[in-house]
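Comments concern the structure below.
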Amino acid sequence: MLDTLNHVAIIMDGNGRWAKSQNKKRTFGHYHGANNVRDIALHANELGIKVLTLYAFSTENWKRPLEEVEYLMKLPAVFFDRFMDELMQNQIKVECIGHFHRLAPQTRKVLQRAIEQSKNNTKMKLVFAMDYGSRDEIVEAMKKYAEDVKNGKENNLVEADVAKYLMTSDYGDVDLLIRTSNEKRISNFLLWQIAYAELIFVDKPWPLFTSQDLDTCILEYTQRDRRFGGLKK
Ligand code: IPE
Ligand code: IPE
Ligand code: MG
């Protein structure tokens with residue numbers, strides 16, 4: 001069944017609440033959340049998952065206090081300083097979706113460096129959704145499509161074409177979507193791509209989500225009956 005598990009996406013939620021429960025600042029939660037990305041990415045890679053897309057910063061997260069936003073923009077540098085070697089050793093390929101050009105130049109540079117350095121790696125794609133919002137992605141896709149129609153490159157839109165214009169065009173639909181910290185919503189993440197994803201909501205906040213918890217989610221996924229609108233096999 002694992003061979004049908006191509007694309008896992010995670011809404012890494014609950015960093016702030018976890019930090020508060022430890023009487024610490026929210027940024028403490030983000031720091032530990034980023035450390036946890038390392039553990040979960042390495043484990044997912046070992047399991048043979050092809051694409052792991054992580055919601056790291058949404059188009060709506062700019063609404064947060066400046067101090068928190070600035071910290072989140074600096075986290076990629078901290079993360080790659082600590083873990084890039086391990087990602088390389090494990091043949092993990094770093095990629096990004098989202099509005100690259102709106103990120104702070106330094107953040108962009110750090111991400112671009114990681115993408116460039118790992119571009120020939122052959123195992124799991126580790127995709128960071130940074131300044132990503134699904135509605136925003138759909139608007140961008142529509143603009144590009146309109147441009148291509150104007151230039152005579154496209155007409156007669158079909159579903160597969162829409163997927164092609166999205167930022168996830170290389171990754172395909174999500175098979176399993178996990179959200180931590182007991183919130184049961186999607187928060188503008190991969191709306192098109194989760195049309196038939198299995199959804200799993202986990203109580204634990206992201207910094208406490210372990211490799212074993214990922215195994216448990218995958219076990220649950222394997223026990224689900226994905227019908228895609230058809231009948232039970
Ligand atoms: C998720 O944790 C990380 C980001 C959104 C960047 P939160 O920061 O949303 O943590 P809670 O939900 O407030 O606990
Ligand atoms: C979703 O979490 C975004 C990320 C995990 C990056 P939020 O904490 O921003 O979502 P809401 O506000 O609770 O819906
Ligand atoms: Mg949250």
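The chain is numbered in sequence order, starting from 1. When a ligand or atom number is given, it counts from 1 through the structure's own listing order.
- Counting heavy atoms closer than 4.0 Å to ligand 1, residue Lys20 contributes nothing at all.
- Closest to atom 12 (O) of ligand 2, if we only count protein heavy atoms, is Arg185 NH2, 4.6 Å.
- No part of Phe189 comes within 4.0 Å of ligand 2, judged by heavy-atom distances.
- Phe209 and Trp206 have parallel rings, their planes meeting at less than 30° on a 0 to 90° scale where 60° marks the start of perpendicular.
- There is a side-chain donor-acceptor pair under 3.5 Å between Glu95 and Tyr171.
- A 4.5 Å side-chain heavy-atom check between Asn61 and Val69 finds every atom pair outside the cut-off.
- Contacts with ligand 1 closer than 4.0 Å are made by backbone heavy atoms (N, CA, C, O) of Ala56 only, the side chain lying farther away.
- The backbone N or O of Glu183 lies less than 3.5 Å from no partner atom in the side chain of Ser181, so there is not a single donor-acceptor pair.
- Within the 4.0 Å heavy-atom shell around ligand 1 one finds Gly14.
- Atom 9 (O) of ligand 2 has as its closest protein heavy atom Asn61 ND2, 2.9 Å.
- The shortest N or O to N or O distance between Arg64 and ligand 2 is below 3.5 Å.
- Listed by number with element, the atoms of ligand 2 under 4.0 Å from a non-hydrogen atom of Phe57 are 6 (C).
- The shortest distance between side-chain heavy atoms of Val127 and Leu54 does not fall below 4.5 Å.
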Checklist entry - Please walk me through it: do Thr4 and Arg226 pass side-chain hydrogen bond (donor to acceptor under 3.5 Å, both in side chains)? => result CA-CA 10 Å; Thr4 72; Arg226 298 185 79 189; 5.1 Å; no
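- In terms of protein heavy-atom proximity, atom 1 (C) of ligand 1 is nearest to Met12 O, 2.9 Å.
- A donor-acceptor contact under 3.5 angstrom links the side chains of His7 and Thr53, judged on distance only.
- What sits closest to atom 10 (O) of ligand 1 on the protein, heavy atoms only, is Gly16 N, 2.9 Å.
- Side-chain polar atoms of Thr216 and Asp213 form no donor-acceptor pair below 3.5 angstrom.
- Below 3.5 Å of separation, one finds an N or O of Asp13 facing an N or O of ligand 2.
- Without hydrogens or angle criteria, Arg17 side chain to Gly29 main chain gives no donor-acceptor distance under 3.5 Å.
- With a cut-off of 2.8 Å, the Mg ion (ligand 3) has an N, O or S atom of Asp13 in range.
- For atom 2 (O) of ligand 2, the closest heavy atom belonging to the protein is Arg179 NH2, 3.7 Å.
- Scanning the protein heavy atoms around atom 14 (O) of ligand 2, the nearest turns out to be Ser187 OG, 2.6 Å.
- Polar contact check, Arg26 against ligand 1: a nitrogen or oxygen pair lies under 3.5 Å apart.
- Other residues, nucleotides and ligands contribute at most 12 non-hydrogen atoms within 6.0 Å of the NZ atom of Lys109.
- Within the structure, ligand 1 has His30 among the residues with a heavy atom less than 4.0 angstrom away.
- Ring orientation note: the planes of Tyr55 and Tyr132 are nearly perpendicular, at an angle over 60° on the 30°/60° scale.
- Protein heavy atom at the shortest distance from atom 11 (P) of ligand 1 is Arg17 NE, 3.5 Å.
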